[in-house]
Amino acid sequence: MANLASDFLGIRSPNPFWLASAPPTDKEYNVVRAFRAGWGGVVWKTLGLDPHIVNVNGPRYGVVYGADRRVLGLNNIELITDRPLDVNLREIKQVKRDWPDRAMVVSLMVPCDEESWKTILPMVEETGADGIELNFGCPHGMSERGMGSAVGQVPEYIEMVARWCKMHTRMPVIVKLTPNITDIRYPARAAFAGGADAVSLINTVSSITSVNLETFSPEPSIDGKGSHGGYCGPAVKPIALNMVAEIARDPETCARPISGIGGVTTWRDAAEFLALGASNVQVCTAAMTYGFGIIKELTAGLSLYLDQKGMALSDLVGRAVPNVTDWQYLNLNYVTKARIDQDACIQCGRCYAACEDTSHQAIAMKPGRVFEVIDEECVACNLCVNVCPVENCITMERLPAGTVDPRTGVVVSDAHGDWTSHPNNPMARAAE
Amino acid sequence: MTTPQTPGIVPGRLSPETIAENFSDLAPRFDPHEALVAADRCYFCHDAPCIAACPTEIDIPLFIRQIQAGQPEAAARTIFDQNILGGMCARVCPTETLCEGACVREMAEGKPVEIGRLQRYATDSLMEAGVHPFARAAATGKRVGVVGAGPAGLACAHRLALHGHDVVVFEAREKPGGLDEYGIAAYKTPDDFAQDEVEWLLKIGGIEVRTGQALGRDITLEGLRAEFDAVFLGMGLGGVNALRVPGEEKDGARDAVDFIAELRQTADLTTLPVGRDVVVIGGGMTAVDAAVQSRLLGAERVTMVYRRGREKMSASDYEIEHAQTEGVTLIVNAMPVAVHGNGAVREVEFAYTAEGPEGLQPTGETFRIRADQVFKAIGQRLAGVPEGLEVAGGKIAVTGAGRTSLSGVWAGGDCTAGGEDLTVTAVAQGRDAAEDIHAALSA
């Protein structure tokens, strides 16, 4: 079994799976259950200054379902902890004392003034917590009061608050970023410029999950009205992966620690975040959907994968980052064609409908429902592969160098050739 | 106390609770979540094979998508556009040989999308709401006479009424519905669904049903042709083939179709007599329905005997397996040679058969099966063909959309050569004939 022990900013945990700051980490009771189940650490649900906030008394969550009511996306309008500060601090202290080998990071959100941060930081430090995470991400409710994503959307504020925190505590500082911005690299750079030790991302995506077509209220509906919430779960993973990768390959931030968040549901999702440069991952929606027991699959799965690959956990981190590039550097001489395995084909015709109706008319439907690729038309878009219900029935096959692409009539080159040197590019540089 | 072991043909072999359970819905309706899960399995195939496999060509992927999208009533409309008896077909179609047999997921994993049950979910949703989704076109003043209120006649009448024609349906029996009412196993269509469906269908208006009116007895084709602008014949098969073996008239031997019809019209099945040892002769759906229902009524031993091999049986594999699961013993390659008994049936003698160059021949080896009740289910035939109608293969000859040899007379369903003994086929033929009649009347 691969060793999953994790060290993130000197914060040790038996595995790289932390529970994200959210309802599952709001109380000692929940966190102890999580640690018993095997979670490596938690980011305690965000603390604020007293008087503590209140939550709505109607539904807090909206959902997007896949087949069989599988939760694909969850949206929430819950705010930070609605329990008194001293209760949370007392419980954090107790749990850290009882579970010294687990990571205990405390999420914080207080008004954007130095005094507020100066007040709360020593109180957290006193609990023996391992670190703090600055909640600059929540897009709903708190942002209306100048906190959460209202801070996270202004890089100057991020830098300023990060600096205050580094000044007033010895604990490692993680800045949690909101995805509700145009370019994730700016807030990340600001966080590190302010001295933050790491960034974690993504927080939730501003969203309305659905509209009730009887009452015309957004869901979740509170007395006939709805407010945008924060979207999370499997649906946001692609957004999160891209943002993690953007930071991991930005020359200004590339060597800095990242805690990956956003739709991690299975070990595979976690491995993808790690490969794109995250050093650990945080999980919430999957636990909220299935309970804490999923940690056994996450740890066993990641361990098995590492064993199969003969890799240590640290080998996986960032492994895919060098392969994330800009479009302009993609090899235009990589020419592929769709190939349909007639033995695997079940004759549903979805490839045909997709290609004929919406793409390049590159699949022929022949008598007997036989579907064949027309190489002269196939641009290798891959849509047929994506819509085919049978895995590996349609594959993309590379044309060997020296053969003629029947679509373009051009001989396939074995040399790399991308947009930067393409003759159609007005800005093209001469090929070397 | 009467038990399955009580000799003779007696009622009440099982407790009322057991009989009620035995004759309850064979495949209950999906609940909404089950329907969504089942609907989600549909791939929405291009030019879907299931549509081609449906005699009424229902746009199956469309109606399943409408269920997915939360509108079973819209799905029902899609079904009824093609097949006004879509509710019955959802219950009685041999889907494993039609739509579900053609489903690509059947090919892929041996587990097709459950089209029949999804169709029932959709059609029930609309019918139970009491909604009839069609409105008649402006009255044309044309009148059409329809003979037979079975699937073909009802489908024809409905489509004609839709186009604004006035229709009179003549039905020989006391109730409309045809085989849906009298000829299909009770557990496939419980709770008087056949009558509910007819009542719902007639809500379109413009259709008058006259029961107790048999062609050749109460009405004549000549009279109908004189009275109406067009005539559609959909009277099914009134005759039953005889075994032509000695003793077949003995007490306890009867036609399976009569037994099924009696069963369907018996409100309290604990009063319906059934034998202890039942022998069913035949290999089609009627034989299966008679055999299975005998078991469900409490017959101790039910044996179904078919003269050819199992692969030649017209009952589907699904139906045969169902019969065997219900405890029916199947014997193939055996033909009856005599029914023995002193007044009442005591046993049936069979000869084993083999296919040879001269067709099916007895091998010479015989055996006897104890029987106090024998059901004959070796096929039905057209009875009482009106004069002047061309007949082919014992059935009314038709060309195109049900045109007979007589001008102004159309036919469809089991009484025609194209009939397949299926509700869904009869519906398609009745519907298509109606369109042809409409075109002719509009010309």
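Values below: all heavy atoms of this structure, side chains included; hydrogens, waters and symmetry mates excluded. Chain letters run A, B, ... following the sequence lines, proteins first, then strands; residues in each count from 1. Bear in mind the structure is a predicted one, so any value in this text is a computation, not a measurement.
Only the backbone of Cys345(A) comes within contact range of chain B, with heavy atoms under 4.5 Å apart.
Separating the CZ atom in Arg117(B) from the CG atom in Asp124(B) is a distance of 11.5 Å, to the nearest 0.5 Å. A distance of 12.5 Å separates CG of Asp26(A) from CG of Leu19(A), quoted to the nearest 0.5 Å.
Note: Phe17(A) and Trp267(A) fail the aromatic proximity criterion, with ring centroids not under 6.0 Å apart.
Salt bridge Lys337(A)/Glu397(A): absent, no basic N to carboxylate O contact under 4.0 Å.
Residues forming a ring-ring contact (aromatic ring centres under 6.0 Å, His included) with Tyr187(B) (at least two apart in sequence, or on another chain): His322(B).
At a heavy-atom separation below 4.5 angstrom, chain B is approached by no residue within residues 205-220 of chain A.
Residue with the most contacts toward chain B among Gly66(A), Ala354(A), Cys348(A): Cys348(A) (heavy-atom pairs, distance under 4.5 Å).
Around CG of Asp223(A), the count of heavy atoms belonging to other residues, nucleotides or ligands within 6.0 Å does not exceed 12.
A tilted orientation is assigned to the rings of Phe80(B) and Trp200(B), their planes being inclined by 30° to 60°.
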